[in-house]
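Read the structure below first, then the notes.
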Amino acid sequence: MARQAIEKLLADLNDEQRRAVVHTEGPVLVLAGAGSGKTRVLTYRIAYLLATGAAQPHEILAMTFTNKAAEEMKRRVEELLGGGQTPRWIGTFHSIFARILRREAERLGFSRDFAIYDETDQLSVIKQGIRDLQLSESAVEPKAVRHAISQAKSVLIFPDEFERRAGDPWRRDVVSPLYRYYQRFLRENNALDFDDLLVNAILLFEQCPDVLQSYQERFRYILVDEYQDTNRAQYLLLKLLSSRHRNLCVVGDDDQSIYGWRGADIRNILDFQKDFPDCAIYRLERNYRSTEVILNAANSVIAKNKHRWDKRLWTDRAGGEKVTVVHALTAEDEARRVVELIEAEVYRHKRGFKDFAILYRTNAQSRVLEQALQQAGIAYEIVGGVRFFERKEIKDVLSYLRVVCNPLDTFSLRRIVNFPPRGIGQVTIARLEEVARTQGIPLFEAMRRVESLPEIGAAAKRGIRNLVETIERFHQLRGELSAAEIATALVDELGIRQLYKEAGTEEARDRLNNIDELLYSIAMFCRTEEEASLERYLEQVALLADIDSWDDRANAVTLMTLHSAKGLEFPVVFITGLEEGLFPLRTSLEGDLRELEEERRLFYVGATRAKEKLYLTLATYRRRWSTEEVQSQPSRFLLEIDERYVEVERAESFGRRGGLRYAARREEFEPVVRYDGGSPGASPFFEGRRVRHPSFGEGIILRVSGQGERMRLTILFDEFGEKTLVLKYAPIQPL
DNA sequence: CCTGGGATATTTTTT
DNA sequence: ATATCCCAGG
């Protein structure tokens with residue numbers, strides 16, 4: 001490409017960015033603060049490598065954290081180079097190695113149709129293991145076991161070693177046998193979980209040096225985004241793949257490491273310098289995103305972390321509006337106030353709804369916010385939460401497709417065996433499983449032999465015969481028809497749409513719509529992908545992140561978790577639920593300091609998403625799941641912000657009457673560091689207050705007794721008369 | 001032996 | 001508020 005074009009490319013960058021881009025040979029570590037243009041460095045680096053002819057598109061491997069980031073990177077490289085030169089190997093660790101494993105599956109002794117198990121699948125396997133191994137069901141927490149197994153895998157500890165190392169009884173007698181069971185189950189079902197995608201890639205490379213060598217040769221340049229969130233297995237993969245050409249460029253920020261609970265290991269940055277002593281280090285410390293006020297406020301909080309490298313982010317966007325802290329009484333008030341503030345911002349600064357993000361620590365917080373936005377008629381989009389692909393009807397169809405691909409997937413098979421209902425109940429399934437176990441064959445094989453099984457009733461036999469026939473027929477068709485054709489024909493033949501249509505309820509209509517949406521998504525996939533097999537579609541779905549399905553062009557307010565917000569930016573950001581116990585989350589306060597520091601980094605990530613205005617909101621009263629109401633103290637993060645950058649709004653009254661009134665006194669936050677101090681503050685429930693109960697309707701409080709969650713209310717209901725209810729158990733709402 | 005209704009337990013973040 | 005579990009009816 002012309003020298004001119006290359007110079008034009010480099011002209012877009014500042015000095016430090018440019019140095020990081022043109023330093024193409026050898027190991028490079030880029031320490032890039034929030035908003036310092038690290039994605040820019042990566043895309044320009046790829047464009048530079050291609051423009052200078054240093055690399056062909058297929059010789060570049062780029063790892064991102066989400067599929068969306070990968071798409072974005074491809075798009076921007078194309079934009080810079082005018083298309084036709086897009087690297088094919090840009091993606092998440094999981095999708096890249098899933099792809100490599102499909103190519104080489106046979107070398108590891110499983111077939112390339114392997115299923116990818118998500119968390120729900122994993123939990124079901126573990127639950128079954130608890131039953132099969134006759135462990136005490138009440139004493140074992142499946143989630144904890146899943147987590148322990150996942151952690152072990154991410155540092156490459158397999159069942160044998162796990163057993164040897166298991167110190168405490170829980171690991172020795174519970175996790176260890178379950179881990180063994182779990183791995184066997186996955187293998188028998190031709191399935192891999194997320195961790196296996198990485199672990200097996202390592203095993204593949206270790207066992208087949210020729211395979212490793214071919215990929216080492218191929219990938220002359222390797223780039224990694226969000227390096228601070230990689231785990232041990234990912235690090236090893238990078239080391240293996242880059243050892244031939246040693247052109248490995250990683251970009252990260254230790255202050256934005258927020259996936260420690262998933263095995264991300266900050267040591268990866270330290271070890272990078274140890275393993276590549278000749279590595280070049282570039283620091284990007286100029287922030288282009290936020291105002292000085294926002295940046296300094298965020299910096300003052302993150303500075304409280306002990307375990308970090310000192311660095312000083314700066315910006316030339318001097319001044320800016322102060323960060324506004326909004327202290328509401330209840331979560332509902334908080335939501336209403338957020339909506340009011342959005343409306344005011346739209347009016348005052350002529351903003352569009354897509355300029356706003358509302359962030360929270362837990363998905364459960366989204367509901368109240370959603371309701372308030374709905375009432376105000378503001379368009380919004382929720383990222384994550386109840387995921388589309390986790391809805392029952394979607395999982396049903398996907399399970400069918402999975403079984404059609406891979407009949408060994410007993411787990412999906414069991415899910416669909418009686419959907420739509422075909423007269424096969426638990427007893428029949430149990431008997432078939434018994435047959436499978438005693439004969440040492442997969443469940444599907446047992447079902448194929450149903451004719452010769454006297455213990456199965458005639459009606460059930462007919463159902464099973466039917467199911468087996470359908471699956472085998474579609475399994476055959478896989479080669480001839482596209483994924484979309486198979487899915488449509490299958491849904492048709494099973495009468496699933498019919499089923500929901502006949503039900504006629506609101507819920508059934510939703511489900512029907514979701515099915516149609518799924519079929520449409522498969523059709524789109526077939527149109528855009530080169531290799532649009534059913535396997536590839538299922539893989540893509542399994543590896544989808546919440547953020548991947550976010551439509552960033554819609555003019556809507558975005559609601560999402562702080563984790564999902566990583567890497568994004570918005571003119572106006574609300575961080576909600578800033579209460580001790582919620583953010584930072586209670587569990588992080590009980591564990592060691594590192595967990596609290598990770599929460600603080602999460603706060604830092606959230607705050608640095610804002611370009612022009614940051615709001616921090618909290619409520620004194622919040623319901624955790626449907627009934628229990630907790631009273632909380634302001635988050636310590638609020639106290640840690642340098643007060644020069646903050647203004648405070650505190651709601652004094654309960655709302656609507658005359659609007660909220662505010663006092664701007666920071667002392668109101670002064671420290672109550674413990675979460676469950678339980679000082680009796682203002683409760684929303686007092687004599688004379690009108691309230692609503694879902695079954696008794698509206699009423700007025702006559703008497704209040706007790707404190708906190710044991711508070712008892714005597715209420716005179718308009719229609720049901722006088723009743724005494726315990727607040728903890730009754731979903732009573734103030735009006 | 002299957003089905004459906006009601007009771008019960010369960011929420012941290014996610015590839 | 002939702003998914004899973006348990007029991008009674010068909």
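Any value given below was found using the heavy atoms of this structure, including those in side chains, with hydrogens, waters and symmetry copies removed.
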Next item on the list: Look at A/D255 together with A/R601 and state whether they make a salt bridge at an N to O cut-off of under 4.0 Å.
Entry: no
Notebook entry, point to check: Is A/W261 stacked on the base of B/dT13, with ring centres under 5.5 Å apart and planes under 30° apart?
Noted result: yes
Next item on the list: Can you tell me the distance, in whole Å, between the CD atom of A/E598 and the P atom of B/dT14?
Entry: 13 Å
Notebook entry, point to check: Rounding to a whole Å, what distance do you find between A/D229:CG and B/dT15:P?
Noted result: 12 Å
Notebook entry, point to check: In terms of side-chain geometry, is the basic nitrogen of A/E539 or A/R102 positioned less than 4.0 Å from the acidic oxygen of its partner?
Noted result: yes
Margin query: Between the side chains of A/E597 and A/R594, is the shortest nitrogen-to-carboxylate-oxygen separation below 4.0 Å, so that they form an ion pair?
Written below: no
Notebook entry, point to check: To the nearest Å, how far apart are A/K566 NZ and B/dT12 P?
Noted result: 21 Å
Margin query: Any base atoms under 4.0 Å from A/S95, or only sugar-phosphate, or nothing? Heavy atoms, all strands.
Written below: nothing
Next item on the list: Could you check how far CZ of A/F419 sits from C1' of B/dG4, rounded to whole Å?
Entry: 16 Å
Check: So which one's nearest nucleotide on DNA chain B is more toward 5', A/V427 or A/F194?
Finding: A/V427
Check: So which nucleotide from B/dT14, B/dT11, B/dT12 ends up closest to the side chain of A/K143?
Finding: B/dT11
Checklist line | Nucleotide B/dT13, atom C1' - distance to CZ of A/F603 in whole Å | finding: 17 Å
Next item on the list: Would you indicate which nucleotide in B/dC2, B/dT14, B/dT3 comes nearest to any side-chain atom of A/T428?
Entry: B/dC2
Check: B/dT3, B/dT14, B/dT12: which one has an atom nearest the side-chain heavy atoms of A/N418?
Finding: B/dT3
Notebook entry, point to check: Among C/dA1, B/dC2, B/dT11, which is the nearest nucleotide to the side chain of A/R367?
Noted result: C/dA1
Notebook entry, point to check: Expressed in angstrom and rounded to an integer, what is the separation of A/N363 atom CG from B/dT13 atom P?
Noted result: 5 Å
Margin query: Measuring from the side chain of A/T362 (C-beta onward, heavy atoms only), which nucleotide among B/dC1, B/dT13, B/dT15 has the closest atom?
Written below: B/dT13
Next item on the list: Check every atom of B/dT11, B/dT14, B/dC1 against the side chain of A/R431 and return the nucleotide holding the closest atom.
Entry: B/dC1
Margin query: Return whichever of A/L543 or A/I424 has its heavy-atom-nearest nucleotide of DNA chain B closer to the 5' end.
Written below: A/I424
Check: In whole angstroms, how far is the P atom of B/dC1 from the CD1 atom of A/I456?
Finding: 9 Å
Checklist line | A/D254 and A/R308 ion-paired at < 4.0 Å | finding: no
Note to self: What is the separation between atom CG on A/D121 and atom P on B/dT14, rounded to the nearest whole Å?
What the structure shows: 18 Å
Notebook entry, point to check: Looking at A/K461 and A/E451, does any basic side-chain N land under 4.0 Å from a carboxylate oxygen?
Noted result: no
